[in-house]
Amino acid sequence: MHSYMSIDWQSIQRKWINAWDESRIFESDPIDGKPKYFITVAYPYPNSPQHIGHGRTYTLADVHARYMRMKGYNVLFPMGFHYTGTPILAMSKRIAEQDRELIETFVNLYGVKPEYIEQFKDPVNIARYFHAEIKEGMREMGYSIDWRREFTTIDLLYNRFIEWQFKRLKDKGLISQGSHPVGWCPRDQSPVSQHDTLGDVEPEFVEYLLIKFILRDGSDEIEEGLLLPAATLRAETIFGVTNIWLNPDVDYVIAVVDGERWLVSMNAAERLSYLNRHVDVERIIKGRELVGRRVIVPLLNRDVPILPARFVDPSNGTGVVMSVPAHAPYDYQALKEIKDGIESGVYYCHYDGILKKDILNGVEPIVMIESEYSKDGIPSEVVIRRYSISSQDDPRLNDATNELYTHEFYKGRISSDSRVAMNYSGMSVKDARERVREDMLKENLADTMLDLAKPVRCRCGAECVVKILRDQWFINYSDREWKRLAHQCLDSMQVLPEEIRDEFRYVIDWLRERACARRSGLGTRLPWEESWIIESLSDSVIYMAYYVIAKYARQLPTSSSMDEGFFDYVLLGIGDSSSIAESCKISKDLLEQVRQEFLYYYPVDSRHSGRDLVPNHLTFFIFNHVAIFPQELWPRQIVVNGSVLMDGKKMSKSLGNIVPLRKAIREYGSDAIRASLLISAELLQDADFTLDMLKSIKEKVERLYNACMQFANVASRGESNTHPYNKMGEENREEHEHEYVYEKQEDLWLMSRLQHMVKSTTEAMDRLRVREALNNLLYIMDQDMQWYLKRARSKGRGDGDIACAILQFLNARVRMLSPFIPFICEEMWSILGGKGFVSMAEWPKVAPSMINNIVDEGESLIMNVIEDVEKIIKVISMKPSKITIHVAGAWKWELYLRILGIVNEGVTKYGDVMRMLVKSIGSRSGSGSGSDHHHDDNNNNDDAVAGYAKSKPEIVKRMMDSILSTPPESRLRRASIGMLDEVRVLCDAIPLLEKEYNCKVEVMVEDNSSSAKKVALPYKPAIYIT
RNA sequence: GCGGGGGUUGCCUAGCCUGGUCAAAGGCGCGAGGCUUAGAACCUCGUCCCGUAGGGGUUCGUGGGUUCAAAUCCCACCCCCCGCACCA
């Protein structure tokens, strides 16, 4: 019986997973004449177990798949596993090195049995382990996947497929080779990006100009003509150079760099070699050994001294710095300290060298940029004073520098004195910088050097550098024509949610050459150069096509006989099947069957992923499809969803709030997790996962489950002869469900409501507005049922009498809920006596004949009256002993409907409406505008209405207000049903009202005698409480 | 800097495209009542301010504008979040 029992979610889950497996309902093969729908999700990278965050994307795709299946499509929803890439390899290396932290993560966090760890030295074993783990989680979540098509990206046949893809791209000229700079860890010998660095810093590059100062006075050990390349980002300040800085305590080297003898810091020499400069170090020398000598400033041919400075960082630029004291606060401060030191005779303390006083002769700041700051003297002095800085070790020098640099860059002009700035006089700083740079490079007075903008450390602790990779292979996403096709594809595609489309547009334009191969990692080798392995974001762009082939993988050879011919034929229809079959050593039938199946399922109808893949994978997916496939096989839709928060916080290892999916399933059950993930936010928003939500969903579902039990029991007892639900027959109940004719007001209403709910939910699902759909199904339909029960029960109707309508309502609700919470819905479906699996049942259709405007308006009138009664009782705070309801009389209805007609024609100003009402006086046979002919087109009637309007303008005003605050659809509906018989409607609700307020309730048409202040209006009866 | 998203009633989040049903859905939290030996759970109601008659007032980042009517449309401004690569 219907005792209030709680549900054993786990065993229901197990029961239906097995049932689905046995019946193989989610396996999809081509069916002639049946429309297909091909849904794919980004396959997982198996380097850790899934957590609930992953669950959102997959659950959304599964809900979509299940929905489309119920809509009658032959849905293909497959899954693969992405082994390609370096992280798994890096993990296995760390395991091999007995990395404690990682092993603990595996054992404690991921629940890996310690005895497995040993095997994890082989990266493939890591992948296989988590592959199995993730797959099991997906099955437990109830994803309706066709598992026969599962594959991994290191399967031999997949390798053949990727080789084919790359040959196609190369044939089309979309693969190029060249060099490009990357952030690089010298210890790991590999590129670093943000997530490889300490503190997740993105390595940023700057390009220094190296201005080659020439050593003037040589000596035995250091010959004249040695070049001192000073690194700068402000080439234009060369006109203000007064000296060169070297750090006296740092090791410098004299080295031949690409044929020239340079002095740079030892550290810089190493970095230069990563930039593919040919560097031969001749000798090491301390900075102080050069201090005091003089160098020639190129371009200007002035000579200036070399001075010592502590702030010079050997690991930044070249370790040689040109000094522009008027415009660089650091330089100004360092110079000042030397001067002060020499004055007081203490400067010797800072280094071993001897600094003669006369070395500073002529070393005075040269102001060569004019701006606000130069009006009051020397710009750098001005800012230093403002920040009250007194030492070159003061960190605020950075702020002072930024302030002055920014100001001068935007507002500054080069000195108009051509003795200072030659023919660059008067230019803006911006222009001068560019010109000086170009001119000096042209004359070989300068060189360039890439460097990291800020120091970056690798996770391993080593200092990173910029490395120029040579002979790197690229996919050339800059290709103009390719971009054009990608835009064309995007424009023709559905993008859900639509807000994200502009981001795709931007990414398509912004993409440049992308390195597509690496030296290490799992994956497929470049077919034309086997020392390279195709990188993971490049071997995952058209694999959706491979799901077709994967089904046949066991019947296909993996050897080199599976060459381009096979894939050309299957995927592009190129070639002759007999000869290709022969060369592939497979049967012609098989070959043609695979081709036919590909043509059946392709293109991809919907591609799902998290929004983090928009700037990379999803855009590459578009690019590669348009490059390889003909237009009719381009993808049709992309669906992007936001991420998952845990109790409002981002999930992260450090917070320790990552919930493994399988653990959550064991604790809460899959259905509740699925619904929670989808109900808490619309697509693009982050979804907040909370236990409260989980609990509330479970309770709602349990209530639904109990209702199913209760009324299914009633039906099966057959205790009532009014059981058309049973008579509808188990076989094709859904086809007959619209045939039964209800008579009672609330039954008609429930059925009408159901149609609205089916309509609105279906529309929401079509746009994948799953939150809205779930809200309808879980909450709004529940409210409707509560109202219905209240109405029916107040009339004394028993379970047997209402079971029919309720079961019909529940039947549709369970079906519509089944994509979201499939396990419990299968259970409820079988309780309700549904045939087969609810997973394969038909999605409810709207029965227009059951939409009943009069009943809808009637019920909402009842609800409004109750609301008004509540309000009144609340305000007067007394228990009513009698409630009297007066509904508007006929003449008010006439007037109301007339005004409604006028408003529906677009006249909404009070004055205009009034004029139109009055105008009808005396106009024979009426203009008819807005009047309701089905009532009476008698002119006397028009006159009467006009008369009322004239004599009671305040009523017209109130009616106007009431009509204008009614939504347009409702205005049309009210106009179409004409006069509502309010007395009949409200009398039907008297039992409910009397029960609710425990007093006598009376309904009557207003009478003129009751001279009350409150005047009844249509849809707004007057209420008296005594 | 460039690009994208967003600021809603205690909190989270709908609504905005297609102006009126909006004092604004849903969830959470909180309060009252019911149930219970008690508690938990559950159920009902309430939850911007004022009000002994269904009403009025002030709200949807800020300031303007359009309109009979603006959370919704237009303009300007302020603030927050995310992405910017060779990495899954």
Side-chain angles (χ1 to χ4, degrees), chain A residues 4 6 42 44-45 47 82 84-88 180 182-183 191-196 202 204 469 472 474-475 477 497-507 509-518 521 535-538 540 611-617 642-643 645 647-648 676 679-682 684-688 690-693 695-697 699 702-703 769 771-772 774-776 778-780 783 786 860 864-865 867-878 907-913 960-961 963-971 1012-1014 1020-1025:
Chain A
Y4 210 79
S6 71
Y45 184 67
N47 71 336
H82 199 195
T84 311
T86 49
I88 288 179
H180 85 296
V182 292
V192 287
S193 64
Q194 193 166 355
H195 61 267
D196 306 311
E202 183 66 44
E204 265 183 87
L469 291 178
Q472 177 64 248
F474 296 95
I475 300 184
Y477 290 122
E498 188 58 39
E499 291 100 289
I500 206 88
R501 187 187 292 275
D502 282 342
E503 211 165 315
F504 277 107
R505 291 217 171 95
Y506 178 75
V507 174
D509 286 334
W510 167 84
L511 278 175
R512 312 190 297 262
E513 289 80 5
R514 183 191 165 81
C516 62
R518 298 190 136 223
E535 167 275 339
S536 62
L537 282 173
S538 302
S540 57
R611 70 177 307 179
D612 51 328
L613 298 189
V614 170
N616 42 66
H617 165 76
S643 56
L645 304 177
D647 287 320
S676 299
I679 203 171
S680 69
E682 279 300 349
L684 210 53
Q685 290 286 337
D686 289 344
D688 195 8
T690 64
L691 291 186
D692 289 328
M693 176 60 81
K695 216 175 62 186
S696 118
I697 286 169
E699 277 151 14
E702 287 192 7
R703 212 152 97 167
R769 297 180 56 96
R771 179 194 156 113
E772 188 180 332
L774 262 180
N775 195 46
N776 281 347
L778 240 29
Y779 298 110
I780 301 189
Q783 276 172 22
Q786 299 300 327
S860 80
N864 287 337
V865 165
E867 198 188 316
D868 281 350
V869 170
E870 300 278 342
K871 280 188 190 167
I872 295 168
I873 290 176
K874 194 182 155 199
V875 172
I876 64 174
S877 53
M878 62 180 250
V907 181
T908 52
K909 284 192 185 163
Y910 172 71
D912 297 344
V913 172
M960 285 281 302
D961 289 346
I963 289 170
L964 283 176
S965 66
T966 304
E969 317 87 80
S970 174
R971 293 179 207 162
K1013 289 168 286 183
K1014 307 291 165 195
K1020 188 81 179 167
I1023 298 164
Y1024 299 89
I1025 296 176

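Values reported hereafter were calculated over all heavy atoms of this structure, with side chains retained and with hydrogens, waters and symmetry mates removed. All chains are named by letter (A, B, ...) in the order of the sequence lines, taking the proteins before the strands, and each is independently numbered beginning at 1.
- For Glu535(A) (side chain) and Thr86(A) (main-chain N/O), no donor-acceptor pair under 3.5 Å exists by modelled atom type.
- As a whole-Å value, the separation of Met693(A) CE from C12(B) C1' is 9 Å.
- Both Leu645(A) and Gln783(A) sit near RNA chain B, but only Leu645(A) has its closest nucleotide nearer the 5' end.
- Nucleic acid contact class of Thr86(A) (heavy atoms, under 4.0 Å, all strands): sugar-phosphate only.
- Closest contact between the side chain of Leu964(A) and the listed nucleotides A88(B), G20(B), C12(B) involves G20(B).
- Distance check on atom C1': A71(B) versus C16(B) gives 7 Å, rounded to whole Å.
- Using Watson-Crick or G-U wobble geometry with both donor-acceptor distances under 3.5 Å, G83(B) finds its partner in C2(B).
- Remark: P of U52(B) and CD1 of Ile1023(A) are 19 Å apart, rounded to the nearest angstrom.
- Among G27(B), C28(B), G4(B), the nucleotide with an atom closest to any side-chain atom of Asp692(A) is C28(B).
- Of the P atoms belonging to C30(B) and A88(B), the separation is 46 Å, rounded to the nearest Å.
- The side chain of Lys695(A) has C42(B) as its nearest neighbour among G27(B), G6(B), C42(B).
- Within the 4.0 Å cut-off from OP1 or OP2 of C42(B), not a single side-chain nitrogen or oxygen of Arg703(A) is found.
- Separating the CG atom of Asp612(A) from the C1' atom of A85(B) is a distance of 14 Å, rounded to the nearest angstrom.
- Heavy atoms of Ser970(A) sit nowhere under 4.0 angstrom from any nucleic acid atom.
- Without hydrogens or angle criteria, Asp686(A) side chain to Gly642(A) main chain gives no donor-acceptor distance under 3.5 Å.
- Applying the Watson-Crick and G-U wobble criteria (two distances, each under 3.5 Å), C16(B) pairs with nothing in any strand.
- If you check every strand for non-hydrogen atoms under 4.0 Å, Gln786(A) touches nothing.
- Across the C1' atoms, U52(B) and A38(B) are found 39 Å apart, a figure rounded to whole Å.
- Rounding to the nearest 0.5 angstrom, the gap separating the CD atom in Glu867(A) from the OG atom in Ser860(A) is 11.0 Å.
- Between A53(B), A88(B), A85(B), one nucleotide has an atom nearer to the side chain of Leu511(A) than all others, and that is A85(B).
- Taking the side chain of Asn775(A) as heavy atoms from C-beta on, and the options A14(B), G26(B), G20(B), the nearest nucleotide is G26(B).
- Taking only side-chain atoms of Glu699(A), from C-beta outward, the nucleotide of G6(B), A41(B), A14(B) with the closest atom is A41(B).
- Residue Lys1020(A) places at least one side-chain N or O under 4.0 Å from the OP1 or OP2 atom of G55(B).
- Between the CG atom of Leu469(A) and the P atom of C86(B) there is a distance of 10 Å, given to the nearest Å.
- The C1' atoms of U18(B) and G57(B) are separated by 31 Å, rounded to the nearest whole Å.
- The residue Pro1021(A) sits close to a base: some heavy atom pair falls under 4.0 Å.
- Although no hydrogens or angles enter the test, the distance criterion places no donor-acceptor pair under 3.5 Å between the side chain of Asn775(A) and the main chain of Arg771(A).
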Start with the C-alpha gap between Thr84(A) and Ser540(A), add the side-chain angles, then the distance that decides, and say whether side chain to side chain contact (heavy atoms under 4.5 Å, CB included) holds. CA-CA 9 Å; Thr84(A) 311; Ser540(A) 57; over 6 Å; no
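- Rounded to whole Å, the separation between the C1' atoms of G20(B) and G27(B) comes to 28 Å.
- Applying the 4.0 Å criterion to OP1 and OP2 of U21(B), one finds that Thr966(A) has every side-chain N and O outside that range.
- Among the heavy atoms of the strands lying under 4.0 Å from Ile1025(A) is at least one base atom, whether or not backbone atoms are also near.
- One N or O on the side chain of Ser680(A) and one on the backbone of Asp688(A) form a donor-acceptor pair closer than 3.5 Å.
- The Glu499(A) side chain lies nearest to G5(B) when the options are G26(B), G5(B), C68(B).
- Glu682(A) comes within 4.0 angstrom of sugar-phosphate atoms only, judged by non-hydrogen atoms across all strands, and of no base.
- When heavy atoms are screened at a 4.0 angstrom cut-off, Asn616(A) is found touching base atoms of the nucleic acid.
- Nucleic acid contact class of Arg971(A) (heavy atoms, under 4.0 Å, all strands): base.
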May I have the step-by-step check of side chain to side chain contact (heavy atoms under 4.5 Å, CB included) for Lys695(A) and Glu699(A), ending in yes or no? CA-CA 6 Å; Lys695(A) 216 175 62 186; Glu699(A) 277 151 14; 4.0 Å; yes
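- Ranking A88(B), A41(B), C86(B) by closeness to the Leu613(A) side chain, first place goes to A88(B).
- Nucleic acid contact for Gln685(A): sugar-phosphate only, since backbone atoms but no base atoms lie under 4.0 Å from a heavy atom of the residue.
- Separating the C1' atom of G15(B) from that of A25(B) is a span of 8 Å, rounded to the nearest Å.
- One finds the CZ atom of Phe474(A) at 10.5 Å from the CZ atom of Arg514(A) (value rounded to the nearest 0.5 Å).
- Pairing of A88(B), defined by two Watson-Crick or G-U wobble distances under 3.5 Å, is not identified with any nucleotide.
- At whole-Å resolution of the value, CG in Asp961(A) and P in U21(B) are 13 Å apart.
- Here the C1' atom of nucleotide G4(B) and the CD atom of Glu498(A) are 14 Å apart, to the nearest Å.
- Pairing for A38(B) is absent, with no Watson-Crick or G-U wobble pair whose two atom distances lie under 3.5 Å.
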Kindly determine whether Tyr779(A) and Ser696(A) satisfy side chain to side chain contact (heavy atoms under 4.5 Å, CB included), including the steps that lead there. CA-CA 11 Å; Tyr779(A) 298 110; Ser696(A) 118; 3.5 Å; yes
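- To the nearest whole angstrom, the two P atoms, one in C28(B) and one in C81(B), are 29 Å apart.
- Atom CZ in Arg512(A) sits about 10 Å away from atom C1' in C86(B), given to the nearest Å.
- The CG-P distance, from Asp502(A) to C2(B), rounds to 17 Å in whole Å.
- The 5' end of RNA chain B is approached more closely, in terms of each residue's nearest nucleotide, by Tyr506(A) than by the other of Tyr506(A) and His82(A).
- Of the listed nucleotides (G83(B), A85(B), G6(B)), A85(B) has the atom at the smallest distance from the side chain of Arg514(A).
- In this structure, Arg769(A) reaches the sugar-phosphate backbone alone: every heavy-atom distance under 4.0 Å involves primed, P, OP1 or OP2 atoms, never a base.
- In terms of modelled atom types and a separation under 3.5 Å, the side chain of Arg971(A) and the main chain of Ile963(A) share a donor-acceptor contact.
- Distance check on atom P: U44(B) versus C49(B) gives 24 Å, rounded to whole Å.
- Among the atoms of the strands shown, none is found under 4.0 Å from any heavy atom of Ile679(A).
- Side-chain proximity of Arg771(A) to G54(B), A14(B), A85(B): nearest is A14(B).
- Pairing for U47(B) goes to G29(B), judged as Watson-Crick or G-U wobble with the two contacts each under 3.5 Å.
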